[in-house]
Amino acid sequence: MSTSPKILLVKLSSLGDVLHNLPIVWDLRARLPDAQIDWVVEEGYVHLLEPLLSRDGFNGINRIIPFGLRRWKKNLFKLATWKEFFAFRKTLQSTTYDVLIETQGLLKSAIVCSLAKKSCGAVIAGLANSTEFSGYEPLARAFYNQSVQVPIQCHAVDRSRWVTCSALDWPLIERDDAPQFYPPEWVSSISKRSVDGLHTPYILCFHSTAREAKRWSNDNWITLGKDLSGRGYQVVFPWGGPSEKAISELLASQIPNALVPPAFSIEDAFSIISLQSKSTATHHAGRLRGIGRSEFVMWVIFKNHQVFKKFLKLLLSCFSLSAVRC
């Protein structure tokens with residue numbers, strides 16, 4: 001393969017899935033600095049990729065291609081919708097790709113791969129199987145010429161690396177090659193945001209999910225929140241829209257000292273997360289899964305791994321949890 005292949009990443013949504021896919025941009029750049037890297041993503045998540053756009057002094061994503069499927073599905077019979085779709089297809093097909101990496105395993109993502117213009121012998125790599133707690137549509141395999149088998153219990157970051165390494169015939173990138181997400185200078189440039197009523201130590205609890213079926217129940221949130229509050233933690237419930245705010249307020253009303261902050265962006269979230277962080281602190285994003293498909297996500301700052309392990313034991317003592325992902 002050329003040292004400057006044209007590579008298309010297809011990871012459309014949602015927020016967590018897009019974030020977990022970011023490390024492969026760094027992996028690709030470290031090994032193929034002259035490659036062209038484009039990414040198709042739902043239009044609502046474009047802002048997550050913008051800090052990784054190539055610019056003077058930084059080589060990252062060459063082109064972000066917005067995809068408006070969620071909005072288009074609500075207006076299928078409008079002429080404007082189809083005009084936008086054909087404009088998207090024209091943009092997508094303006095480049096001939098040598099490697100297409102689809103790490104979502106869904107039919108909609110696979111169809112995007114089928115729409116792309118490909119070179120002779122192009123590799124179209126995607127997942128051959130589902131992984132624990134992740135959505136997967138087996139029909140998507142029909143659109144790949146390289147289906148990649150991954151472990152059933154596989155973190156999303158590692159899953160993306162499995163597919164990428166297979167597509168490019170590389171040895172598997174292990175976790176000792178630490179995944180990177182955003183440029184350090186971009187993270188450090190985020191202005192610190194103060195929030196009235198926020199007291200340390202606090203825990204940010206994100207109760208919202210892309211699908212209601214995946215959401216942890218209010219009763220579980222309240223049980224956990226009361227326990228954490230009793231141990232001296234302030235429980236904080238961020239929100240992104242009116243319905244999410246209403247749930248945050250309902251949860252906070254039943255947990256002592258809980259806080260519902262003003263709406264904030266993902267950049268604000270980084271800032272608030274880092275407020276507790278010292279130079280020796282470790283950031284842990286803990287995703288713990290409970291009964292069935294339900295889930296909850298928390299951001300906590302700990303000074304070291306030993307404190308983090310103690311905290312996990314606390315959570316596991318509150319509920320019967322089937323898995324912990326960090």
Side-chain angles (χ1 to χ4, degrees), residues 7-29 36-75 81 84-85 87-88 91-92 94-95 101-104 106 108-109 112 156-157 160 179-195 204-211 214 236-245 248 261-275 283 285 287 297 299:
I7 300 172
L8 181 68
L9 306 181
V10 182
K11 189 79 161 189
L12 303 177
S13 60
S14 290
L15 188 150
D17 296 308
V18 174
L19 290 177
H20 282 136
N21 209 50
L22 295 180
I24 65 174
V25 175
W26 296 85
D27 296 337
L28 290 167
R29 278 288 171 234
Q36 175 177 330
I37 302 174
D38 297 346
W39 187 324
V40 180
V41 68
E42 267 282 351
E43 58 190 8
Y45 301 107
V46 166
H47 68 287
L48 297 177
L49 303 184
E50 288 174 339
L52 287 178
L53 277 172
S54 293
R55 55 188 179 274
D56 289 344
F58 179 76
N59 197 13
I61 299 170
N62 295 99
R63 186 170 62 146
I64 301 170
I65 305 174
F67 187 56
L69 181 62
R70 289 183 176 180
R71 182 170 51 83
W72 295 339
K73 287 194 297 185
K74 299 175 183 178
N75 300 283
T81 296
E84 287 187 17
F85 169 76
F88 159 78
T91 299
L92 179 63
S94 64
T95 297
I101 301 172
E102 198 277 276
T103 55
Q104 200 153 16
L106 300 180
K108 62 182 181 180
S109 307
V112 169
V157 170
S160 294
Q180 298 182 69
F181 293 86
Y182 288 111
E185 61 273 14
W186 180 81
V187 176
S188 62
S189 71
I190 298 173
S191 58
K192 301 301 181 184
R193 172 171 176 174
S194 60
V195 176
L204 299 179
C205 297
F206 295 86
H207 59 78
S208 302
T209 56
R211 297 195 306 275
K214 295 175 64 178
V236 183
F237 291 106
W239 53 277
S243 61
E244 294 176 7
K245 183 180 181 182
S248 290
F264 51 68
S265 66
I266 189 69
E267 292 83 2
D268 292 330
F270 283 138
S271 174
I272 293 170
I273 289 166
S274 68
L275 284 176
H283 291 59
R287 170 168 290 189
V297 180
W299 277 96

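- Under the salt bridge (Lys or Arg N to Asp or Glu O under 4.0 Å) criterion, E42 pairs with no residue, sequence neighbours left out.
- Applying the side chain to side chain donor-acceptor pair (under 3.5 Å) test to T91 and every residue at least two apart in sequence or in another chain returns nothing.
- In this view, D27 and R161 satisfy the side chain to side chain donor-acceptor pair (under 3.5 Å) rule, not counting sequence neighbours.
- The aromatic rings of F85 and W72 stand perpendicular to each other, their planes meeting at an angle above 60°, with 30° marking the opposite boundary.
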| query | Do L22 and V157 pass the side chain to side chain contact (heavy atoms under 4.5 Å, CB included) test, and can you show the C-alpha distance, the side-chain angles, and the key distance before you say yes or no? | reply | CA-CA 8 Å; L22 295 180; V157 170; over 6 Å; no
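- For F181, there are no ring pair (Phe, Tyr, Trp, His ring centres under 6.0 Å) partners two or more places apart in sequence or in a different chain.
- Relative ring orientation between H47 and Y45 is described as parallel, the plane-to-plane angle staying below 30° on a 0-90° scale split at 30° and 60°.
- Relative ring orientation between F67 and F88 is described as tilted, the plane-to-plane angle lying within the 30° to 60° band.
- The side-chain contact (heavy atoms from CB on, under 4.5 Å) search around N59 returns R29, S54, not counting sequence neighbours.
- Listed by chain and residue number, nothing satisfies the side chain to side chain donor-acceptor pair (under 3.5 Å) test with T81 (two or more places apart in sequence, or in another chain).
- For R71, the salt bridge (Lys or Arg N to Asp or Glu O under 4.0 Å) partners two or more places apart in sequence, or in a different chain, are E43, E84.
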| said: Evaluate L28 against L9 for side chain to side chain contact (heavy atoms under 4.5 Å, CB included), listing each step before the verdict. | reply: CA-CA 11 Å; L28 290 167; L9 306 181; 4.0 Å; yes
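- Scored by the side chain to side chain donor-acceptor pair (under 3.5 Å) test, Q180 finds no partners at all (sequence neighbours excluded).
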| request: Just do the side chain to side chain contact (heavy atoms under 4.5 Å, CB included) check on I64 and L52 with the steps written out, would you? | output: CA-CA 10 Å; I64 301 170; L52 287 178; over 6 Å; no
